[in-house]
Protein chains: 2
Amino acid sequence: MNTLDPARGPRHHPVMPNFERRIPEGDTIERAICAECGHIDYQNPKVVVGSVVSLDGRILLCRRAIEPRRGFWTLPAGYLELGETLEEGAAREAKEEADADITLEGILGVFSVARIGQVQVMFRGAFADPDAPIFASGPESLEVALFAWDDIPWDDIAFPTVYWALAAWNARRGGPLGVPAGNPAHDPRGDRRMPARG
Amino acid sequence: MNTLDPARGPRHHPVMPNFERRIPEGDTIERAICAECGHIDYQNPKVVVGSVVSLDGRILLCRRAIEPRRGFWTLPAGYLELGETLEEGAAREAKEEADADITLEGILGVFSVARIGQVQVMFRGAFADPDAPIFASGPESLEVALFAWDDIPWDDIAFPTVYWALAAWNARRGGPLGVPAGNPAHDPRGDRRMPARG
């Protein structure tokens, strides 16, 4: 049996995996390891990539049609896929969630959300054709809209990182990009959950 | 059977997975899905985190003791682990590979290596105690050394991203950090391999 043939199934285990948890040789962390073939089932954080897309100072937000946080507003963002660059992933998510064709200007923020194993890379973006800024709800969005800063539904934001990315955008608006924002000082590991609503 | 109990095994499949490849509802990409319970085996890019640690203009490099690229020089860097922030991961890798205690100054570069499903976040770092810059070979390094820029073993660098991170460091040396470097124009997707040696 060729355990290295990816066509045979995910994690190279089409049949009867028999995993045990131990520290592999040369490693320092306990992993799940197949007792039959020695395959190590590494689990690592995932990359979320997204963008703050603005037009004349208004920001593109999507109201989530799916859990978690259905009904709350978020930026177009999602998991990076195998074979994609960060820029390709950010553009794909804007297309999928907001049906928007965008260009990317650079990185606004790089955040760690250690509690759920995520790294988030948030770009500053613009509509590919600012004279025809087309957008619409994708299957994951209930509605999509452009909000002036003061009109953003601050009480109905889906995730802490949406606040952080919006704050990074607001710090520079259309000015030159600089050092990317990181986690805020009050939550350096991204461990805090959204506050419960009153 | 509680398929959501992570204690039962990796990917929630301690016994006899029966995966088929299809596009999940609401998705656009084919995934491996368990025919028994519907569990989706998502595969996503991994995050590599590392640092360019310098002292008086000299840079800390590690000669790899492990494949791939055994014997070639690299920066202290490796896969981010679940539960870590980027900063924690970069500091851990410097400790593991170079036995160095470091502090981080900010992000130098964010690179996509789409060919092998990686996102690399490279920090600028310094020794925690510059008056006692202790370093030594960890188990993954044959040797560890500080190199002046002109003495870097340029013909024996392990990976393209090591060049990119070093170039990002050299562009600013100890000056203020700015917009992080991205992939170079000649390799926007990180698809190129290291050239064969003559």
Side-chain angles (χ1 to χ4, degrees), chain A residues 6-7 9-11 13-19 21 26-29 31-34 41-47 49 65-66 79-89 92 96 106-107 110-119 121 139-140 176-180 182-183 188-191, chain B residues 6 9-11 13-21 26-29 31-34 41-47 49 65-66 79-89 92 96 106-107 110-119 121 139-140 176-180 182-183 188-191:
Chain A
R11 302 282 170 184
H13 284 94
V15 289
M16 290 195 67
N18 178 13
F19 286 96
R21 291 198 69 85
D27 200 344
T28 58
I29 294 176
R31 317 279 181 184
I33 304 176
C34 177
D41 183 58
Y42 289 103
Q43 299 279 350
N44 294 87
K46 294 191 177 187
V47 179
V49 64
I66 55 176
Y79 288 119
L80 187 66
E81 298 285 352
L82 284 178
E84 282 184 333
T85 66
L86 290 165
E87 291 82 358
E88 291 165 352
R92 175 182 51 73
E96 285 181 5
I107 292 175
V110 180
F111 307 119
S112 294
V113 191
R115 180 176 62 85
I116 53 174
Q118 289 185 359
V119 168
V121 180
E140 296 179 15
L177 289 163
V179 177
N183 286 44
R189 306 189 76 260
D191 285 333
Chain B
R11 301 282 171 187
H13 284 93
V15 289
M16 290 196 66
N18 178 14
F19 285 96
E20 55 192 23
R21 291 197 70 84
D27 200 345
T28 57
I29 294 175
R31 316 279 181 185
I33 303 175
C34 176
D41 182 61
Y42 290 103
Q43 298 279 350
N44 295 87
K46 293 190 177 187
V47 179
V49 63
I66 55 176
Y79 288 120
L80 187 67
E81 297 286 353
L82 284 178
E84 282 184 333
T85 66
L86 290 166
E87 291 81 359
E88 291 165 350
R92 175 182 51 73
E96 286 181 6
I107 293 175
V110 180
F111 307 118
S112 294
V113 191
R115 179 176 63 83
I116 53 174
Q118 288 185 359
V119 168
V121 180
E140 297 179 13
L177 288 163
V179 177
N183 286 44
R189 305 188 77 260
D191 285 333

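We name chains A, B, ... by the order of the sequence lines, and we start the count at 1 in each one.
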**OP:** Output yes when a side-chain donor or acceptor of A:S112 lies under 3.5 Å from a complementary backbone atom of B:L86, and no otherwise.
**Re:**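 The answer is yes, because a donor-acceptor pair under 3.5 Å joins these two groups.
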Subject >> Expected output: side-chain B:R189 to main-chain B:N183 donor-acceptor under 3.5 Å >> reply: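 Not confirmed, B:R189 side chain does not pair with B:N183 backbone.
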**OP:** Tell me, for B:R31 versus chain A, whether the close heavy atoms (under 4.5 Å) come from the side chain, the backbone, both or neither.
**Re:**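 Contact with chain A involves the side chain of B:R31 alone.
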Original post:
Of the backbone (N, CA, C, O) and the side chain (C-beta and beyond), which part of B:E88 lies under 4.5 Å from a heavy atom of chain A, both, or neither?
Top reply: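 B:E88 touches chain A through side-chain heavy atoms alone.
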Original post:
Among A:G106, A:P180, A:P139, which has the most heavy-atom pairs under 4.5 Å with chain B?
Top reply: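 Between A:G106, A:P180, A:P139, the count favours A:P180.
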Original post:
Top residue by heavy-atom pair count (under 4.5 Å) with chain B, among A:L80, A:L177, A:T28?
Top reply: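 Max contact count across the listed options: A:L80.
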Can you tell me which portion of [X] sits under 4.5 Å from chain B's heavy atoms? Options are side chain, backbone, both or neither.
X	result
A:I29	side chain
A:P176	neither
A:E81	both

Original post:
Is any side-chain heavy atom of B:V119 less than 4.5 Å from a side-chain heavy atom of A:V119?
Top reply: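 Sidechains of A:V119 and B:V119: no contact.
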Original post:
At their closest point, which heavy atom of A:E84 faces which heavy atom of A:G89, and how far apart are they?
Top reply: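 So the minimum-distance heavy-atom pair works out to OE1-CA, 3.4 Å.
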Original post:
If you measure from the Lys or Arg side-chain nitrogens to the Asp or Glu carboxylate oxygens, is any gap between B:R92 and B:E96 under 4.0 Å?
Top reply: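 Looking at B:R92 and B:E96, the cut-off is met.
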Original post:
Relative to chain A, which of B:G190, B:P188, B:G178, B:G182 shows the most heavy atom pairs under 4.5 Å?
Top reply: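 Of the candidates given, the most pairs with chain A belong to B:G178.
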Original post:
Would A:Q118 and A:F111 satisfy side-chain contact (heavy atoms from CB on, under 4.5 Å), going step by step from the backbone distance to the final call?
Top reply: CA-CA 8 Å; A:Q118 289 185 359; A:F111 307 119; over 6 Å; no
